[in-house]
There are 2 protein chains.
Amino acid sequence: MVRPNSPHRGLRRIDLSRQTGCNIETIRYYETIGLMPDPPRSPKGYRIYSNEHVSRLNFVMRARALGFTLDEIRGLLALVDGGRHSCAEVRDLASQHLENVREKIRDLRRVETVLATTIGQCSGTDAPDCPVIEALSDSLA
Amino acid sequence: MVRPNSPHRGLRRIDLSRQTGCNIETIRYYETIGLMPDPPRSPKGYRIYSNEHVSRLNFVMRARALGFTLDEIRGLLALVDGGRHSCAEVRDLASQHLENVREKIRDLRRVETVLATTIGQCSGTDAPDCPVIEALSDSLA
DNA sequence: TTACGCTCTGTATCAACTACAGGCTCAAGA
DNA sequence: TCTTGAGCCTGTAGTTGATACAGAGCGTAA
């Protein structure tokens, strides 16, 4: 069950997708927004990828998994591509992102507390007075 | 510096916006998607709001602040509007949402740990080898 | 030959807004 | 009375990060 060879021995879109786990449509999206380079094409216009593309896409996906926005990733890639990336510059980007993550965690913990407290006051019966609804209504404004 | 009276003594869009803190454009958005009712209009087509609208919009905004999606809020409002909302139904919606919030917190904490650890390995000098970049690159794949 | 799987492009959709453009109404000040 | 400015109206486009589909072309295996 070997897949037919790719044109010119390069990787096709589906190969890149499988090797990275990235959705096949997402790859094209990253190309149109310039996060991934436009790959060379076969005579009939088929994209031909190399291991370079695999590496870069893996980089992007790991950064996404850490919650970096595509714009932040663009910044990281620019530093890498420039070859002149200093540790300090990268660390600044990452530190800023870490601070954002921590803030989001703080926000969510506050939300968690409010929700858990309110739900805890709930009788769980068919009572028409619901503490959750009341907490959301003007009565507690 | 008293603002001119609203037509027919109702609230105008800007009044509702100021009383609730909700962006004026967002109010119209909530109306078009049916989260807020279409308000009555003045003869010239101006929206006229009442305190009912203020209450409902406050409800929506508090729920948003707790991270409920607009769809979840629609569900909560349906229960409230129906008059037949049992405590149990509401609690189920809220509990489900709480679980989502907790999962998001868990995810972010994992991200936080990875980021903090990686950044901690950073020399902060101008060194061209950056542990952050390396963590994102194939080398550690 | 024909079927199938993959490719191509362009466009639409999602959440939850936000921000215009272009035109109307209304009340107050000169 | 006229003008100015604030606020109103509608429709539409842009944001982020994808995802999905239509309609067409290509290429290989049976």
Side-chain angles (χ1 to χ4, degrees), chain A residues 1-36 38-49 53 57 60-75 77 97 100 104, chain B residues 1-36 38-49 53 57 60-75 77 97 100 104:
Chain A
M1 282 298 250
V2 174
R3 252 202 341 86
N5 275 337
S6 310
H8 299 276
R9 305 206 180 294
L11 302 169
R12 292 190 295 171
R13 207 136 73 104
I14 206 170
D15 300 313
L16 184 55
S17 172
R18 281 179 188 152
Q19 289 197 23
T20 59
C22 184
N23 185 306
I24 204 162
E25 304 273 24
T26 305
I27 295 171
R28 181 162 69 108
Y29 172 66
Y30 287 165
E31 286 166 8
T32 65
I33 65 168
L35 205 60
M36 290 288 290
D38 275 348
R41 304 286 182 123
S42 78
K44 287 292 181 188
Y46 285 26
R47 290 167 179 80
I48 303 167
Y49 297 105
H53 294 96
L57 187 49
V60 171
M61 293 187 71
R62 287 199 198 96
R64 282 298 293 137
L66 290 178
F68 284 94
T69 66
L70 295 185
D71 236 39
E72 289 168 331
I73 296 172
R74 214 188 297 274
L77 286 171
H97 178 58
N100 295 344
K104 218 169 274 171
Chain B
M1 282 302 246
V2 174
R3 252 202 340 87
N5 274 337
S6 309
H8 298 278
R9 308 210 178 291
L11 301 169
R12 292 190 295 170
R13 205 137 73 106
I14 205 171
D15 300 313
L16 183 57
S17 172
R18 282 180 187 149
Q19 288 198 24
T20 59
C22 184
N23 186 307
I24 205 163
E25 304 274 20
T26 305
I27 295 171
R28 181 161 70 111
Y29 172 66
Y30 286 164
E31 287 165 8
T32 64
I33 65 168
L35 204 60
M36 290 287 290
D38 274 348
R41 303 288 183 121
S42 78
K44 285 293 180 185
Y46 285 26
R47 289 167 179 80
I48 303 168
Y49 297 105
H53 295 95
L57 187 49
V60 171
M61 292 188 71
R62 287 197 199 99
R64 282 298 292 137
L66 291 178
F68 285 95
T69 67
L70 295 185
D71 238 38
E72 289 167 332
I73 296 172
R74 216 190 295 275
L77 286 171
H97 179 57
N100 295 344
K104 218 169 274 173

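By convention in this document, chain letters (A, B, ...) are assigned in the order of the sequence lines, proteins followed by strands, and residues within each chain are numbered from 1.
OP1 or OP2 of dC8(C) has not a single side-chain nitrogen or oxygen of Tyr46(A) nearer than 4.0 Å. For Thr26(B) and dT18(C), the shortest distance from a side-chain N or O to OP1 or OP2 is below 4.0 Å. Contact check, Arg64(B) against dC17(C): a side-chain N or O comes under 4.0 Å of OP1 or OP2. Residue Arg47(B) places none of its side-chain N or O atoms closer than 4.0 Å to OP1 or OP2 of dT25(C). In this structure, Arg18(A) reaches the dC6(C) phosphate: one of its side-chain N or O atoms is under 4.0 Å from OP1 or OP2. Residue Arg13(B) has no polar side-chain atom (N or O) positioned under 4.0 Å from OP1 or OP2 of dG7(D).
At the heavy-atom level, Ile73(B) lies nowhere under 4.0 Å from the strands shown. Nucleic acid contact class of Leu35(B) (heavy atoms, under 4.0 Å, all strands): none. Tyr30(B) comes within 4.0 angstrom of the backbone, heavy atoms only, and of no base.
A donor-acceptor contact shorter than 3.5 Å is absent between the side chain of Ser17(A) and the backbone of Asn23(A).
Donor-acceptor pairing under 3.5 Å, judged by distance alone, is present between the side chain of Arg28(A) and the base of dG10(C).
A salt bridge does not link Arg18(A) with Asp15(A): every distance from a Lys NZ or Arg NE/NH1/NH2 to an Asp or Glu carboxylate oxygen is 4.0 Å or more.
A heavy-atom distance below 4.5 Å is not found between the side chains of Tyr46(B) and Arg41(B). Here the side chains of His53(B) and Leu11(B) are not in contact, with every heavy-atom distance at 4.5 Å or above.
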